[in-house]
Amino acid sequence: MSPLDVEIVQRKLAVIVENLQALVPIQEMSREKYIGDLYRRKATERMLQELIEAAIDINTYIIVQTGGGAPDDYYESFIKTGEHGILSPQLAEKLAPSTGLRNRLVHEYDVLDHDIVRASVDLVEELYPKYVKEIVAYISR
């Protein structure tokens, strides 16, 4: 087990917080305005991707540094945070599916449904501030 470098985690948390703040105006946009604005859509997709990837990086880093085995995949990185007491199991289970959105954004498995991406902003704004709060509490112990 290696010591946890809190600065690494804090840098990743800063990415999450910055993207959460940048996504707030998207929540306030009408569906029509969002769908009609290519630059906002692409920026939203990128911010969601960065935010989710930063959380995955944090999850994996903390799990490995505290003696847990590396997660098999991104989804499991969230599940393991719940199992290891890094996050509450309930929050970990709610966040784990966001890795599917990340995969769709990165790999463009399907044509992206703009309504789903836009709805994901609301979900991210609901859940990820809780993620930040629980990670900060964990690294502050």
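On a predicted model such as this, the values are computed, not experimentally measured, just so you know.
Atom NZ of residue K133 and atom CG of residue L87 lie 13.0 Å apart, to the nearest 0.5 angstrom. Residue S98 holds its OG atom at 8.0 Å from CG of L123, rounded to the nearest 0.5 Å. The distance from the CZ atom of R118 to the CZ atom of R40 is 11.5 Å, given to the nearest 0.5 Å. The structure places CG of L101 at 9.0 Å from CD of E45, a figure rounded to the nearest 0.5 Å. Rounded to the nearest 0.5 angstrom, R104 CZ and L112 CG are separated by 8.5 Å.
Take S30 and apply the side-chain contact (heavy atoms from CB on, under 4.5 Å) test, not counting sequence neighbours, and it matches E32, K33. Listed by chain and residue number, V24 satisfy the side-chain contact (heavy atoms from CB on, under 4.5 Å) test with E28 (two or more places apart in sequence, or in another chain). Applying the salt bridge (charged side-chain N to carboxylate O under 4.0 Å, His left out) rule to D115 yields the partners R31; only residues at least two apart in sequence or on another chain are considered. In terms of the side-chain hydrogen bond (donor to acceptor under 3.5 Å, both in side chains) criterion, residue partners of Q27 (sequence neighbours excluded) are, by chain and number, D122. Every residue meeting the ring-ring contact (aromatic ring centres under 6.0 Å, His included) condition with Y131, not counting sequence neighbours, appears here in chain and number order: Y128. V132 is linked by a side-chain contact (heavy atoms from CB on, under 4.5 Å) to L13, I16, V17, V136, counting only residues two or more places apart in sequence or in another chain.
Counting only heavy atoms from C-beta outward, the side chains of L51 and V15 never approach each other to under 4.5 Å. Considering only heavy atoms from C-beta on, N103 stays 4.5 Å or farther from V106 through its side chain. Side-chain contact between P71 and F78 is absent, with no heavy atoms from C-beta onward closer than 4.5 Å. Considering only heavy atoms from C-beta on, Y34 comes within 4.5 Å of T44 through its side chain.
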For Y61 and L4, what are the C-alpha separation, side-chain angles and deciding distance, and is it a side-chain contact (heavy atoms from CB on, under 4.5 Å)? CA-CA 8 Å; Y61 177 74; L4 198 62; 3.4 Å; yes
For side-chain contact (heavy atoms from CB on, under 4.5 Å), just list the numbers for I58 and I8, CA-CA rounded to whole Å, side-chain angles, deciding distance to a tenth of an Å, and then say yes or no. CA-CA 8 Å; I58 290 168; I8 291 172; over 6 Å; no
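Within the structure, the side chain to side chain donor-acceptor pair (under 3.5 Å) test picks out the following pairs touching residues 83-94 (sequence neighbours left out): S88-E134. Sequence neighbours left out, the pairs with a member in residues 69-82 that pass side chain to side chain donor-acceptor pair (under 3.5 Å) are N59-S77. Residue pairs meeting the salt bridge (Lys or Arg N to Asp or Glu O under 4.0 Å) criterion with at least one member in residues 49-61, sequence neighbours excluded: K12-D57, R46-E50, E53-R102.
The same ILVMFWY cluster, assembled from side-chain heavy atoms under 4.5 Å apart, contains both I52 and I86. Residues I79 and V64 fall into different hydrophobic clusters, defined by Ile, Leu, Val, Met, Phe, Trp and Tyr side chains chained together at heavy-atom separations under 4.5 Å. Cluster annotation: I116 and V124 are assigned to distinct hydrophobic clusters (Ile/Leu/Val/Met/Phe/Trp/Tyr, side-chain heavy-atom contacts under 4.5 Å, transitive).
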